[in-house]
Amino acid sequence: MLGGVGHNHPVPETRYAVAGDVHVAYQVLGEGPRTVVMVMDWFGNVELMWESSDLAAVLERLASICRVVVFDKRGVGLSDPVSRDGLPPLETWIDDVSTVLSSVGADRATLLGVGAGGPMVMQFAGTHPERVDRLVLVNTYARLARAADYPAGVPEAVRDRILAVPYDDDATADTLAGASRDPSFRSWWRRYQRQSVSPSTARAMREMLFQVDVRSVLGSIQAPTLILHRRDNPWIRVAHSRHLAQHIEGAELVELDGDEDLFFLGQVDELVDHVEAFLTGSVPSSRSERVLVTVLFTDLVGSTEVTAQLGDARWRRLRQHHDTIVARCLQRHRGRLVSTAGDGTFAVFDGPGRAIRCARSIAEELEPIGLRVRAGVHTGEVELSGDSVDGIAVNIGARVAAMAGAGQVLVTSTVRDLMSGSGLSFRSLGGHTLKGVPEPWQILAVE
């Protein structure tokens, strides 16, 4: 239930970090060797947030595994105000992160950015890599407004309608809460917003949100990155996080069920499970994990004929050579071998480009020893449970590989779309019905 103090953890003491002549309010809860700094949305109030039992429960669970720091950006909540006519640039708000880190005695920390807090932590991670050990991004974006080269953004007409509505509007609150909205949510949420930022400052901040664009820093982020996004979020669409996953090197994207924009509503345990596993390296063994990955299937072509020509002993040695080459290529392109079956291999990657390059490397290195392979690549959601990888995306990848000819790498249209701007060329083979897959798929060959 929202709107009441339904937790046992005492409200932490509010302290102030000083940046020049500006005071930034912050709180520290929990202990542990790892520090997590949470950068909330564009508004906040570190004391009033404890009146939400849902939000308090999330903070308390995180505090059970690490030291958690929450703060109000300048101009927000209990921190010093700013002029609505002269809002600080993004880098000034980023300075608040450095100030708080220094105040709590942390040289490095994990940054957890939520919503509009995401661009802040991404720019901080790109410009201060020495101070960021990990990065967690929840329901966020690099750019909010649509552009010719960024179709995931909000169209101009929709932006204007959003800005025309008061920031504490009931309908907006219902949209943010999604299916989890509770009758008591509106009253707490509106009070939380009003005590976070004034109406005039809120409008200036909301207008600024549509001007922020940190896409240029994504390639500079070095910290291991976990991206979490509710798949049916109507406020910040999942396409934003898919863009982040595509452009942050090695980032892991997990698309969660639900339509709640607010991270502390909905299937919260699942969301925090992913954060805990990312921070500690462990996850309850009973839970499976739904993750967007790229699957690669390779298969030797004509192996029966080669075996007949060489004999079993020589074929086994050749197969050992094949396995060595495959393992080397997977390591080079950051793939993980899931299984081998017959003359084929199944591996997963955190990006389609790596999977395609790995498939081509395998083919090129096997050809001099007289072996030819075919490969199929698909990007989709899978179920991870221990070492097993399951789901319809696995079936699609296997069916695509079975269609390929010797030396050929086939991909689905999903892979092609994610590789836009990569410089790779694809030749369409048209739509195909894949065995065991309900809908036809567009298949393309990598040129």
Looking at side-chain heavy atoms only, is the closest gap between His229 and Val138 below 4.5 Å? no
Given salt bridge (charged side-chain N to carboxylate O under 4.0 Å, His left out), test Asp273 with Arg61 step by step and report yes or no. CA-CA 10 Å; Asp273 279 348; Arg61 181 171 168 191; 2.5 Å; yes
Would you confirm whether Ser196, through its side chain, and Phe43, through its main-chain N or O, come within 3.5 Å as a donor-acceptor pair? no
For the residue pair Met38 and Leu111, establish whether any side-chain heavy-atom pair is separated by less than 4.5 Å. no
Think Arg134 forms a cation-pi with Phe278, using NZ or CZ under 6.0 Å from the six-ring centre and within 45 degrees of its axis? yes
Atom pair CG (Leu262) and CG (Asp54), whose distance is rounded to the nearest 0.5 Å: 10.0 Å
Verify whether the ring centers belonging to His333 and Phe349 lie closer than 6.0 Å. no
For Pro12 against Val28, the heavy-atom pair lying closest together: CB-O, 3.6 Å
Looking at Asp261, is its backbone amide N or carbonyl O close enough to the side chain of Asn139 to form a donor-acceptor pair, meaning the two atoms are under 3.5 Å apart? yes
Taken to the nearest 0.5 Å, the spacing of Cys358 SG from Leu330 CG works out to 4.5 Å
Is the centre of the Phe71 ring less than 6.0 Å from the centre of the Trp93 ring? no
With a 3.5 Å distance limit and no angle check, can you tell me whether Thr324 reaches the backbone of Gln320 through a side-chain donor-acceptor pair? yes
When you check the gap from the basic side-chain N to the acidic O, do Asp133 and Arg34 get nearer than 4.0 Å? yes
Describe, in one word, how the ring planes of Phe264 and Trp189 are oriented to each other, choosing from parallel (under 30°), tilted (30 to 60°) and perpendicular (over 60°). tilted
Under the side chain to side chain contact (heavy atoms under 4.5 Å, CB included) criterion, do Arg159 and Leu163 qualify, and how do the steps go? CA-CA 6 Å; Arg159 179 205 64 187; Leu163 293 177; 4.1 Å; yes
Considering only NZ, NE, NH1 and NH2 on the basic side and carboxylate oxygens on the acidic side, decide whether Glu207 and Arg203 come within less than 4.0 Å. yes
When you check the gap from the basic side-chain N to the acidic O, do Arg74 and Asp96 get nearer than 4.0 Å? yes
Return yes if some donor-acceptor pair links the side-chain N/O of His128 with the main-chain N/O of Phe124 below 3.5 Å, else return no. no
Leu112/Val37 under side chain to side chain contact (heavy atoms under 4.5 Å, CB included): CA gap, chis, key distance, verdict: CA-CA 6 Å; Leu112 195 160; Val37 177; over 6 Å; no
Examine distances only and state if a side-chain atom of Gln408 and a backbone atom of Gly405 form a donor-acceptor pair shorter than 3.5 Å. yes
Using 4.0 Å as the upper bound for N to carboxylate O, is an ion pair formed by Asp107 and Arg131? no
Spell out, as yes or no, whether a donor-acceptor pair under 3.5 Å connects the side chain of Lys73 to the backbone of Ile94. no
Stepwise side chain to side chain contact (heavy atoms under 4.5 Å, CB included) test for Asp299 and Val373: CA-CA 5 Å; Asp299 187 44; Val373 296; over 6 Å; no
Taking C-beta and beyond as the side chain, do Leu271 and Leu256 meet within less than 4.5 Å on heavy atoms? yes
Evaluate the side-chain proximity of Thr35 to Cys66: yes if any heavy-atom separation is below 4.5 Å, no if none is. no
Nearest heavy-atom contact between Pro119 and Thr140 is CD-OG1, 3.6 Å
If you measure only the distance, is there a donor-acceptor pair under 3.5 Å linking the side chains of Thr298 and Thr345? yes
What's the spacing between Glu367 CD and Ile362 CD1 if we round to 0.5 Å? 14.0 Å
Side-chain heavy-atom pair Val377, Val295 within 4.5 angstrom cut-off: no
Where do Ser241 and Ile227 come nearest, in terms of heavy atoms and distance? OG-CG2, 3.4 Å
Pairing of Arg242 and Glu255 as salt bridge, 4.0 angstrom limit: yes
Member of His240, Gln211, Arg215 meeting the side-chain contact (heavy atoms from CB on, under 4.5 Å) criterion with Arg143: Arg215
Just how far is it from atom CG of Leu292 to atom CG of Leu253, taken to the nearest 0.5 Å? 5.0 Å
Rounded distance (nearest 0.5 Å) linking atom CG of Leu418 with atom CZ of Arg416: 10.0 Å
Quick one: closest heavy-atom pair of Leu59 and Leu29, and the distance? O-CD1, 3.6 Å
Do the non-hydrogen side-chain atoms of Val132 and Thr110 ever get within less than 4.5 Å of each other? no
Just by modelled atom types, is the Phe426 backbone N or O under 3.5 Å from a matching donor or acceptor in the Ser428 side chain? no
Could you tell me whether a side-chain N or O of Ser79 sits under 3.5 Å from a main-chain N or O of Gly75, the two making a donor and an acceptor? no
NZ/NE/NH1/NH2 to OD/OE distance under 4.0 Å, Glu31 and Arg67: no
Between Leu337 and Phe346, what is the shortest heavy-atom contact and its length? CD1-O, 3.5 Å
Checking side chain to side chain contact (heavy atoms under 4.5 Å, CB included) for the pair Val400/Ile443: CA distance, chi angles, key distance, verdict? CA-CA 8 Å; Val400 172; Ile443 307 301; 3.9 Å; yes
Identify the heavy atoms of Ala359 and Ala375 that sit nearest to each other, and give their distance. CB-CB, 3.9 Å
Ignoring hydrogens and geometry, is there a side-chain-to-backbone donor-acceptor pair from Arg108 to Glu130 under 3.5 Å? yes
Mind checking whether Phe210 and Ile162 have side chains closer than 4.5 Å, heavy atoms only? yes
Verify, without hydrogens or angle tests, whether Asp72 (side chain) and Val46 (backbone) share a donor-acceptor contact under 3.5 angstrom. yes
Rounded to the nearest 0.5 Å, what separates atom CG in Asp257 from atom CD in Gln267? 5.5 Å
What I'd like to find out is whether the side chain of Leu279 reaches to under 4.5 Å of the side chain of Val36, using heavy atoms alone. yes
Can we say Glu365 and Arg360 salt-bridge, meaning some charged N sits less than 4.0 Å from an Asp/Glu carboxylate O? no
salt_bridge(Asp350, Arg334) N-O dist < 4.0 Å: yes
